[in-house]
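The structure under discussion appears below in the form of structure tokens.
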2 protein chains.
Amino acid sequence: MATIEDVAKLTGLSRTTVSRVINNHPYVSEEKRKLVLEAMEKLGYVPNSSARSLRNQKTSILALFIPRITNPFFSELVEATEIAAAEYGYQLIICQTRYSPEKELNYMNLLKTKQVDGVILASIQNEWKKLKPFLQYGPIVLCNEFDDRANVPTVRLDQVYGGYIATKHLLEQGHTKIAYCSGGYRSNVAKSREIGFKKALAEYKVSFHEQYAFRDAFHIADGKRVFQKMMELSERPTAVFTGSDEVAAGIISEAVKCGYRIPEDLAVVGFDNQAITELTNPTITTVHQPVKQMAQKAVDVIVEKIQTKKYETKEIYEFPLQLIVRASTLGSKLHQREA
Amino acid sequence: MATIEDVAKLTGLSRTTVSRVINNHPYVSEEKRKLVLEAMEKLGYVPNSSARSLRNQKTSILALFIPRITNPFFSELVEATEIAAAEYGYQLIICQTRYSPEKELNYMNLLKTKQVDGVILASIQNEWKKLKPFLQYGPIVLCNEFDDRANVPTVRLDQVYGGYIATKHLLEQGHTKIAYCSGGYRSNVAKSREIGFKKALAEYKVSFHEQYAFRDAFHIADGKRVFQKMMELSERPTAVFTGSDEVAAGIISEAVKCGYRIPEDLAVVGFDNQAITELTNPTITTVHQPVKQMAQKAVDVIVEKIQTKKYETKEIYEFPLQLIVRASTLGSKLHQREA
DNA sequence: GAAACGAATGAAATCGTTTTCATACTTATA
DNA sequence: TATAAGTATGAAAACGATTTCATTCGTTTC
């Protein structure tokens with residue numbers, strides 16, 4: 001493990017000059033520069049990251065908080081974030097909170113101990129007042145998830161609109177008994193979608209019954225469970241809005257198994273536009289989220305905050321969502337009746 | 001940002017004593033210990049990671065190399081690795097090589113610059129001789145992917161057996177015209193599966209034609225493409241072995257679109273036992289890989305290597321694979337004829 | 001009662017960088 | 001020609017922890 005001192009000795013120069021060469025600082029003669037570069041090459045010298053971090057008060061590492069990476073939406077977010085971070089020379093540490101407030105707070109210490117230069121929260125498990133104190137140690141940027149009380153940059157998608165267009169699409173197909181599925185009571189993403197969902201219903205003068213709401217659906221298995229619950233209802237819904245394609249796929253899978261025809265007996269709309277939406281039979285109508293753009297923007301913003309050291313600024317960057325119509329909602333019984 | 005010096009001053013003690021308290025070292029009186037803990041609390045003091053890393057020559061960070069995280073197999077591997085690492089107090093940096101040897105070598109510098117304590121390679125893009133020199137800087141553990149020339153601990157699955165059981169299953173169904181699909185020429189995982197594939201064919205005295213081989217199939221789209229290619233053949237295969245459930249799903253999706261019945265017209269076997277295998281119609285026969293166990297073992301091993309500092313030891317830990325039979329191979333035309 | 005030992009503490013060195021400040025030399029400017 | 005301005009370099013101080021070594025004090029032990 002050669003150090004800068006070794007390079008200095010080999011060249012007969014000082015550490016200062018070697019450091020200048022490493023960091024491309026001015027005021028080094030071409031002659032000495034070459035000498036240093038040769039010595040570095042010869043010794044296989046590479047600057048030690050920890051020493052640099054300590055001296056520069058900067059680790060070039062970002063932390064990305066997600067509930068779990070096996071959710072394809074978050075996989076895609078991680079992929080895009082890692083690529084964007086790498087462009088700026090940042091490494092990415094993955095923090096899976098697994099929906100646990102304790103785990104989230106624990107990971108937050110990465111900021112406090114200066115192991116990372118900043119935190120991107122793509123999910124939030126604690127009240128903002130619990131997270132806010134960490135702002136004194138470094139920037140926090142919200143990405144995907146958000147909180148109105150949070151006085152930090154937020155990069156998000158227009159989830160109200162997302163819930164609205166998906167639901168409106170079902171209403172346009174003639175449905176009035178529409179169930180609502182989402183993941184998590186805490187999530188403002190889910191809450192916003194529900195606002196959009198209800199807004200669409202209101203516009204069509206369709207009332208909503210709380211028995212049609214399932215707010216604890218995350219996985220495929222939850223989708224299957226939800227379908228069974230819906231079947232137990234005296235008045236079964238003819239369409240269902242879901243907060244993820246996984247849940248939608250679970251519902252469809254279970255429905256088909258029970259002899260239901262999709263969309264004739266039950267129209268299903270998913271969310272995320274995951275690969276799976278084109279592989280199921282029928283294919284799944286869904287809402288596309290511009291994950292790459294969102295991730296890129298979040299990294300752009302946090303890098304800027306790290307540089308300017310202004311962490312408490314409420315800036316909101318919002319990207320639009322897009323409805324992708326596929327087979328799971330088209331040509332439903334109700335629609336055909338009307339035609 | 002309080003430092004250890006601040007705590008020392010507030011308590012009237014030395015940095016040494018404070019450090020002893022932080023690290024639970026002996027020879028600190030209960031009285032002083034309390035004093036220090038109170039001061040730490042009062043100042044909101046937390047040890048600085050960079051300073052610790054520098055002094056201890058240890059970052060408590062591991063790097064995990066994968067081609068891309070959106071492949072569900074790797075998502076699962078990342079999830080399990082992150083959890084296992086966290087148990088040991090390690091953070092996980094994600095390195096997506098995107099199948100690029102240059103990117104891989106570049107990420108390897110994390111080891112050289114001491115930004116991480118060890119590297120887990122779940123995919124390999126360079127020849128081993130290019131990677132080997134990095135061993136002088138820290139441990140490398142192979143996990144999933146492997147290389148016979150590599151003199152480092154390897155945690156892997158019995159891929160030859162995996163290829164064998166999947167193919168044997170197809171042969172037992174009466175198939176003789178079996179196509180072979182895999183991802184990557186470089187990968188020894190793929191090569192091993194092919195060995196198992198051919199071993200099964202040989203046992204059943206079935207010959208293999210190179211025109212049935214498609215060795216560049218990674219994604220869903222590749223599966224669709226492969227199906228089209230197969231259709232162009234004068235003698236079409238009646239079954240196909242694939243290296244991933246994504247590819248299998250792609251083939252099935254395209255086949256169904258073209259009016260093919262699965263498995264009657266084409267039996268398909270996937271690999272990985274991803275969630276998708278139970279969502280497609282028909283469900284997909286596949287090979288289950290014990291990813292969690294593998295990840296846990298890889299972390300166990302690398303943590304041990306970091307401690308013992310013995311990096312060049314050829315140890316092989318192998319876990320078994322398991323065939324999961326579902327609808328995409330059962331009751332094929334050939335099988336029914338025989339019955 | 002002296003020697004030996006263990007417990008409690010601190011001063012200073014160390015980890016490997018970067019940066020500040022000082023110094024020396026060269027060249028341009030008045 | 002004296003002065004200012006720029007160029008090139010190095011010594012030493014930081015960054016914030018841990019550890020080595022020395023010192024002091026109290027308690028055994030013979």
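The chains referred to below are lettered A, B, ... by the order of the sequence lines, with proteins before strands, and numbering in each begins at 1. Quantities reported herein were computed from a predicted structural model and do not represent experimental measurements.
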message: By nearest atom, which of the nucleotides dG16(D), dA8(D), dT17(C) is closest to the R52(A) side chain?
response: dT17(C)
Gap between atoms NZ and C1', on K9(A) and dG10(D) respectively (whole Å): 15 Å
query: Which nucleotide, dT17(C), dA17(D), dG10(C), lies nearest any side-chain atom of P47(B)?
result: dA17(D)
field: D300(A)-Q296(A) side chain donor-acceptor pair, cut-off 3.5 Å
entry: yes
query: Can you list the residues that meet the ring pair (Phe, Tyr, Trp, His ring centres under 6.0 Å) rule with Y88(B), with sequence neighbours excluded?
result: none
message: Is the phosphate of dT18(C) approached by Q57(A) (side-chain N or O, under 4.0 Å from OP1 or OP2)?
response: no
query: With sequence neighbours excluded, what pairs up with Y99(B) under the ring pair (Phe, Tyr, Trp, His ring centres under 6.0 Å) test?
result: F218(B)
query: Can you tell me if D117(A) uses its side chain to pair, donor with acceptor, with the backbone of T59(A) under 3.5 Å?
result: yes
- request: Could you tell me whether K305(B) and E315(B) have a side-chain N and a carboxylate O separated by less than 4.0 Å?
  value: yes
message: What is the distance, to the nearest angstrom, from the CG atom on L13(B) to the C1' atom on dA11(C)?
response: 14 Å
message: Around atom NZ of K292(B), are there more than 12 heavy atoms from other residues, nucleotides or ligands closer than 6.0 Å?
response: no
Sequence-distant partners of E318(B), salt bridge (charged side-chain N to carboxylate O under 4.0 Å, His left out), two or more places apart: R156(B)
- prompt: Which residues within residues 15-24 of chain B lie with some heavy atom under 4.0 Å of an atom in DNA chain C?
  reply: R15(B), T16(B), T17(B), R20(B)
query: Would you say T3(B) reaches dG16(D)'s phosphate, i.e. side-chain N/O to OP1/OP2 under 4.0 Å?
result: no
task: Examine the base of dT17(C) for any acceptor or donor lying under 3.5 Å from a partner atom in the side chain of R55(A), and report the outcome as yes or no.
output: no
message: Going by salt bridge (Lys or Arg N to Asp or Glu O under 4.0 Å), name the pairs with one or both residues in residues 3-16 of chain B, residues two or more places apart or in two chains.
response: E5(B)-R15(B)
- prompt: What's the CD1-C1' distance between I4(A) and dA11(D), to the nearest Å?
  reply: 14 Å
statement: Heavy-atom nearest nucleotide on DNA chain C taken for H25(A) and for S29(B); more 5' hit belongs to S29(B)
- prompt: Once you round it to whole Å, what is the distance between C1' of dA14(D) and CG of N48(B)?
  reply: 14 Å
- prompt: Considering only dG16(C), dT17(C), dG10(C), which nucleotide approaches the side chain of L54(A) most closely?
  reply: dG16(C)
- prompt: Rounded to whole angstroms, how far apart are CG on L35(B) and C1' on dA8(C)?
  reply: 14 Å
task: Can you tell me the distance, in whole Å, between the CD atom of E31(B) and the P atom of dA7(C)?
output: 18 Å
query: So, E79(B) and R98(A), do they make that salt bridge, N to O below 4.0 Å?
result: yes
- prompt: Would you say dT9(D) has OP1 or OP2 under 4.0 Å from some side-chain N or O of K32(A)?
  reply: yes
Rounded distance (Å) that lies between atom C1' of dG16(D) and atom OH of Y45(B): 7 Å
query: Between Y27(A) and dA8(D), is there a side-chain N or O to OP1/OP2 distance below 4.0 Å?
result: no
statement: N56(A) atom CG is separated from dC15(C) atom P, nearest whole Å, by 19 Å
message: Using five base pairs at each end to define the local axes, how bent is the helix from dG1(C)-dC30(D) to dA30(C)-dT1(D), to the nearest 10°?
response: 50°
Side-chain ion pair, E145(B) and R186(B), N-O less than 4.0 Å: no
